[in-house]
Structure formats: C-alpha cells, structure tokens
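Residue numbers begin at 1 in each chain, while the letters A, B, ... track the order of the sequences. What you see is a predicted model; the values in this text were computed from it and never measured.
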Protein chains: 2
Amino acid sequence: MNRIESFRKICKEQGIKVTPQRTAIFDALEDSRDHPTAEIIFQAIRKRFPTISLDTVYRTLMTFVKIGIAHVVETQGNTKRFDANMEIHHHAHCLKCGKILDFYSADYDNLEVPQEIRNQFTVMDKKVVIHGVCKKCSQKQKDL
Amino acid sequence: MNRIESFRKICKEQGIKVTPQRTAIFDALEDSRDHPTAEIIFQAIRKRFPTISLDTVYRTLMTFVKIGIAHVVETQGNTKRFDANMEIHHHAHCLKCGKILDFYSADYDNLEVPQEIRNQFTVMDKKVVIHGVCKKCSQKQKDL
DNA sequence: TTCTTATATAGGAATCATTCTTATTTGTCA
DNA sequence: TGACAAATAAGAATGATTCCTATATAAGAA
C-alpha cells in the first residue's frame, strides 16, 4: 500500500473526505522533513493548485493534527510548524536560524515520567528538546 | 539583597537602564509562576502604570531573555509565553487548557546529549516536555 | 449512473500577536 | 546640573491565523 492509498484509508477511518487539496497537502508535508510552516506548504502546492487558499492549508494541517497524522512542533516563535514524522523522536533547535533537527534515542524514549506528573496529567507524549546553535550559524558568527 | 536590588545590579552589569517600567515588568514576571503572555503582564502592570504600552512590555520581556533573566517557553500556540524560573527544570503541558507545569527531575537534568547532536550543535539547554491532559480538563470531558 | 446532502473550499475580511516608526521623555554619567 | 544615548508611548504596520459566506464537491443512497 503506497502513501496515497494509506492516506485514503486513514481519511475513511476518520470519516473525513478525501479531497485533492488534502491529498496534495499530505503529500507535501510528507515530502518535507524540515518542519515546514503552513505558508511553505501553501507555496509548494500552489504550483499545481493555483487557486488553493492559505486558509485551506491551515485548516487541513490542523485536521491532520486532530486525526493523528501530524504534529504541531513546539517553538518559541510565533509561526506554527508542522511535523509529519509520527515516530517517537526528539528535537534539536538552532536558536539562530530556527532549524529543527529530528533525532532518535532509546535512552530518551525510555525515560520514566515522574509520579508527581502522572498524578496530575494523562500523559500523551514526552519529548526532549535541545537548544543550541548549529554549525552553520556559529561559523557565521566567527566570520563577522 | 532583595529582588529589586538584585534586578538593579543585573541591569547595571548588563549596561541597561533601570527604568520604572522595567522594574515593574520584572516584578510582575517574578510574581507569576504560570508562564504569562506579554498581554497578561501588560494588564497586570496597567493598574499602576496607566500609560504603559504593550510594545514596551514585549520589548522589555525580550530584553530580559537577551540578558538571561527570563526564557521564552516553547509552545504549540501562536502566543509567546515567558518564564522567570531560571533554574533547570522541565515542563508538562496540558493540550486542552494550555496550562504549563514546572517540575524538577535530577534524572532528566543529567541526560547525556547524543554525540550526533554534539557534533552539529553548540548545546545551550536541554529540557523534557511532557504533553497530556490535566485533571481539570479530563474531568470536564467526563461531565459532558 | 444520478441525486442528495453534509462537508469542504476559495476568497476576502477580520482578528490577534508582534514589531516598527517617530516624537518625546528620562536615566546616567561627566 | 546638563548632555546624550537609551527608553518609552502611541499608533501604524506587518505577519500569522481564523472567520464568514457563497459556491463546489465527495460520498453514500436510490
């Protein structure tokens, strides 16, 4: 079963319609592994769907989050970024350029959630975020 | 040395002026342990500074981040939230109401950053984020 | 296949968060 | 106390996101 077929299947299961726009947005999101904004997805899709609206892109991405095939990435910024990587993974953020790197770590995956939190929260997800400055950006700083 | 005195000291060290607005914003941020937005700080301060502008609050909070006495909290939302808790700590987020709970864990603090990341990033900070639904919100859901 | 209807979309307006511009004010230091 | 760089207020501008509404369409029924 290929990507599009499995997308159709999920939509059916979740009771939402399989529209060409949704299919294109899903496809664009899966293609980009760099946590794109709605605007970036919008621009990418516009080539094939000249009349698509930015609102549709936002609405659709949020629908994907709701049905569990995408995540909103946590950031310090004021622009939502989306992630189609649904495997358990962690993030390293560059504080200068905003690049977000996915990485995997069994140690991090296996962390116990403290009892104190389990008492107060129904835990859905747990993730380590590392902040720093990427190589490219520290190089730039040196060049000044 | 009390809170205000130590604030004056930090400002002097960092070469920024000690203004009544900055002092009030610092004070309001320290008082609120619930990761307030600029708007919330603005409203809190307005009572005593009727002419303060929202821009000043934003600018000042970002200045505090720059000089290392506040953090911008990572969220999925599109509103910046600020944190005056500079101790190493971790966050649990309620996905329904947006509440953010600070918690402490030596195990989490001591996590090793994978070599793969250390090769590519100058690591500044590392934090565990837990997503879930808080007690109050799961109770609400049951009540429906 | 065609019809029906609930759902989804486009387009533009509206809203919310944040930043910029500029004239004025004010800490700070000589 | 005066000078000046830095900071502030006010409102305009920008950017991101959501809302409104008329139209279009996917999907199940006939």
Side-chain angles (χ1 to χ4, degrees), chain A residues 4-5 7-28 35-43 45-67 69-70 72-82 98, chain B residues 4-5 7-26 28 35-67 69-70 72-82 98:
Chain A
I4 300 300
E5 280 165 16
F7 174 68
R8 299 182 70 88
K9 182 162 170 283
I10 292 165
C11 287
K12 298 242 158 106
E13 283 166 7
Q14 299 288 330
I16 70 166
K17 290 181 182 172
V18 179
T19 68
Q21 289 90 337
R22 281 181 178 158
T23 309
I25 292 166
F26 175 75
D27 216 44
H35 318 86
T37 63
E39 178 70 32
I40 288 170
I41 298 278
F42 175 62
Q43 294 303 343
I45 287 176
R46 236 179 168 176
K47 293 162 198 162
R48 294 196 204 164
F49 280 82
T51 68
I52 200 166
S53 79
L54 185 52
D55 180 49
T56 297
V57 176
Y58 271 104
R59 214 174 349 88
T60 302
L61 289 168
M62 292 312 284
T63 301
F64 291 170
V65 172
K66 198 182 295 175
I67 68 176
I69 62 178
V72 178
V73 180
E74 305 231 318
T75 63
Q76 295 183 352
N78 45 321
T79 308
K80 278 202 181 73
R81 294 177 65 170
F82 296 88
Chain B
I4 299 300
E5 280 165 15
F7 174 68
R8 298 182 71 87
K9 182 162 170 285
I10 292 166
C11 287
K12 297 245 156 99
E13 283 167 8
Q14 299 287 331
I16 71 167
K17 291 179 180 171
V18 179
T19 68
Q21 290 91 336
R22 281 181 178 159
T23 309
I25 292 167
F26 176 74
H35 317 87
T37 63
E39 178 70 31
I40 288 169
I41 298 278
F42 175 62
Q43 294 303 344
I45 287 175
R46 233 177 170 180
K47 294 161 196 159
R48 293 196 204 165
F49 281 80
T51 69
I52 200 167
S53 79
L54 185 52
D55 179 50
T56 297
V57 176
Y58 271 106
R59 212 173 351 87
T60 301
L61 288 169
M62 293 312 285
T63 300
F64 290 170
V65 172
K66 197 181 295 174
I67 68 175
I69 61 177
V72 178
V73 181
E74 304 229 319
T75 63
Q76 296 184 351
N78 44 322
T79 308
K80 278 200 181 75
R81 295 177 64 170
F82 297 87

Worksheet, complete the sentence: dist B:Ile52:CD1 -> B:Arg46:CZ (nearest 0.5 Å) comes out at 10.0 Å
Item to complete: To the nearest Å, give me how far apart CG (B:Leu54) and C1' (D:dA13) are.
Response: 15 Å
Discussion item. With a 4.0 Å limit, can you tell me whether B:Arg59 has a side-chain N or O closer than that to the phosphate oxygens OP1/OP2 of D:dT8?
Written reply: yes
Worksheet item: To the nearest angstrom, how far is A:Ile25 atom CD1 from C:dA8 atom C1'?
Response: 11 Å
Worksheet item: Between atom CD1 of B:Ile25 and atom OG1 of B:Thr19, what is the distance when rounded to the nearest 0.5 Å?
Response: 7.0 Å
Worksheet, complete the sentence: Rounded to whole Å, the CZ-P distance (B:Arg81 to C:dA17) equals 12 Å
Fill in: Gap between atoms CG and P, on B:Leu61 and D:dT8 respectively (whole Å)
11 Å
Worksheet item: What pairs with B:Phe42 under ring pair (Phe, Tyr, Trp, His ring centres under 6.0 Å), at least two apart in sequence or on another chain?
Response: none
Discussion item. Below 4.0 angstrom, which residues in residues 10-23 of chain B have at least one non-hydrogen atom near DNA chain D?
Written reply: B:Ile16, B:Lys17, B:Thr19, B:Gln21, B:Arg22
Worksheet item: Considering only C:dA17, C:dT21, D:dC20, which nucleotide approaches the side chain of A:Asp55 most closely?
Response: D:dC20
Worksheet item: Which whole-number value in Å describes the distance from B:Asn78 CG to C:dA14 P?
Response: 20 Å
Worksheet item: For C:dT9, which nucleotide in any strand shown is its Watson-Crick or wobble partner with both distances under 3.5 Å?
Response: D:dA22
Worksheet entry | Any B:Lys80 side-chain heavy atom under 4.5 Å of A:Asn78 side chain | yes
Discussion item. Is B:Lys80 close enough to D:dA16 that one of its side-chain N or O atoms is under 4.0 Å from OP1 or OP2 there?
Written reply: no
Item to complete: Using whole Å, report how far CE of A:Met62 lies from P of C:dA8.
Response: 15 Å
Worksheet entry | B:Gln43 CD - C:dA17 C1' separation (whole Å) | 14 Å
Worksheet item: Which listed nucleotide (C:dT28, D:dA9, C:dG11) is nearest to the side chain of B:Arg8?
Response: C:dT28
Worksheet item: Counting only heavy atoms not in A:Arg59, do more than 12 sit closer than 6.0 Å to its CZ atom?
Response: yes
Worksheet item: Whole Å only: how far is the CD1 atom of A:Ile67 from the P atom of C:dA8?
Response: 10 Å
Worksheet item: Between B:Glu5 and B:Lys9, is there a salt bridge with N-O shorter than 4.0 Å?
Response: no
Discussion item. Under a 3.5 Å cutoff, is there a donor and acceptor pairing between the side chains of A:Thr56 and A:Ser53?
Written reply: yes
